[in-house]
Amino acid sequence: MDTPEENKFQLFLSNYKPSKAKKGEIITRPGDSSNQLVFLKSGLIRQYVISKLGQELTINVINTDYPFSFIEYLTEPKNRYYFEAFNPIEYYKVPKKEFKEFMDQNPDVFWHLTKLAFCRFEELLVNIEYFITGDAYMKVASTFYLVAMRQGKETTNNFYEVESM
């Protein structure tokens, strides 16, 4: 269900022309800096890192509800990750200055995005916990649970149905 804050934010984003990327296209690389933030309109983005030994580790799969650029806006970290289109995507590029002006004028949207970011952070912490302390069954189960919560639609008796990605 759309909240008034979500509707207001979507209206703000509609001022920008969406960009497109094909599956496998890199949106951002480690060390990239920009005066723009990225907000996903449709599709999925894979966030990953490559170790010094050349191993890829997927950190997160980002969907339209995950405000990953909002987190960047708040923390202003040096980017350490690759962000790659997991499937064909559409996304908005919003100048940081215009985003800040909008956030300053709309504290309700700011707090909504903050809450959403912290909820997603909590999900990642739980997933990390199972990956570190769980057996193979719990590692797989926690991954399926996370995908179901993010991508699935709730059906009867608290079951979730996930369409193929």
Ignoring hydrogens and geometry, is there a side-chain-to-backbone donor-acceptor pair from [X] to [Y] under 3.5 Å?
| X | Y | result |
| --- | --- | --- |
| N106 | D108 | no |
| N79 | S33 | no |
| K96 | S34 | yes |

Co-membership, hydrophobic cluster, residues [X] and [Y], 4.5 Å side-chain:
| X | Y | result |
| --- | --- | --- |
| I26 | L44 | no |
| L116 | V38 | no |
| F102 | L74 | yes |

Can you tell me how far the [atom1] atom of [X] sits from the [atom2] atom of [Y], to the nearest 0.5 Å?
| X | Y | atom1 | atom2 | value |
| --- | --- | --- | --- | --- |
| K52 | I50 | NZ | CD1 | 14.0 Å |
| I27 | Y91 | CD1 | OH | 4.5 Å |
| S42 | N87 | OG | CG | 8.0 Å |
| L57 | Q47 | CG | CD | 10.0 Å |
| I62 | F86 | CD1 | CZ | 12.0 Å |
| R120 | K115 | CZ | NZ | 13.0 Å |

Can you confirm whether [X] sits close enough to [Y] that some side-chain heavy atom of one is under 4.5 Å from a side-chain heavy atom of the other?
| X | Y | result |
| --- | --- | --- |
| Q36 | F99 | no |
| M103 | F12 | no |
| N60 | F83 | no |

Closest approach of S14 to L11 (non-hydrogen atoms, all atoms of both residues):
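For S14 and L11, the tightest heavy-atom pair comes out as OG-O, 2.6 Å.
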
So, E56 and Y82: side-chain donor and acceptor under 3.5 Å apart, yes or no?
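Looking only at side-chain atoms, Y82 and E56 do not form any donor-acceptor pair under 3.5 Å.
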
Does a side chain donor of either T3 or E5 reach within less than 3.5 Å of an acceptor in the other side chain?
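Judged by distance alone, the side chains do pair up.
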
Could you check whether F39 and Y16 have their ring centres less than 6.0 Å apart?
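No - the distance between ring centres of Y16 and F39 does not fall below the 6.0 Å cut-off.
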
Are there over 12 heavy-atom neighbours, none belonging to Y48, within less than 6.0 Å of that residue's OH?
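Yes, enclosed.
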
Kindly indicate, with the supporting measurements, whether the criterion side chain to side chain contact (heavy atoms under 4.5 Å, CB included) is fulfilled by L13 and K41.
CA-CA 9 Å; L13 291 177; K41 180 179 180 188; over 6 Å; no

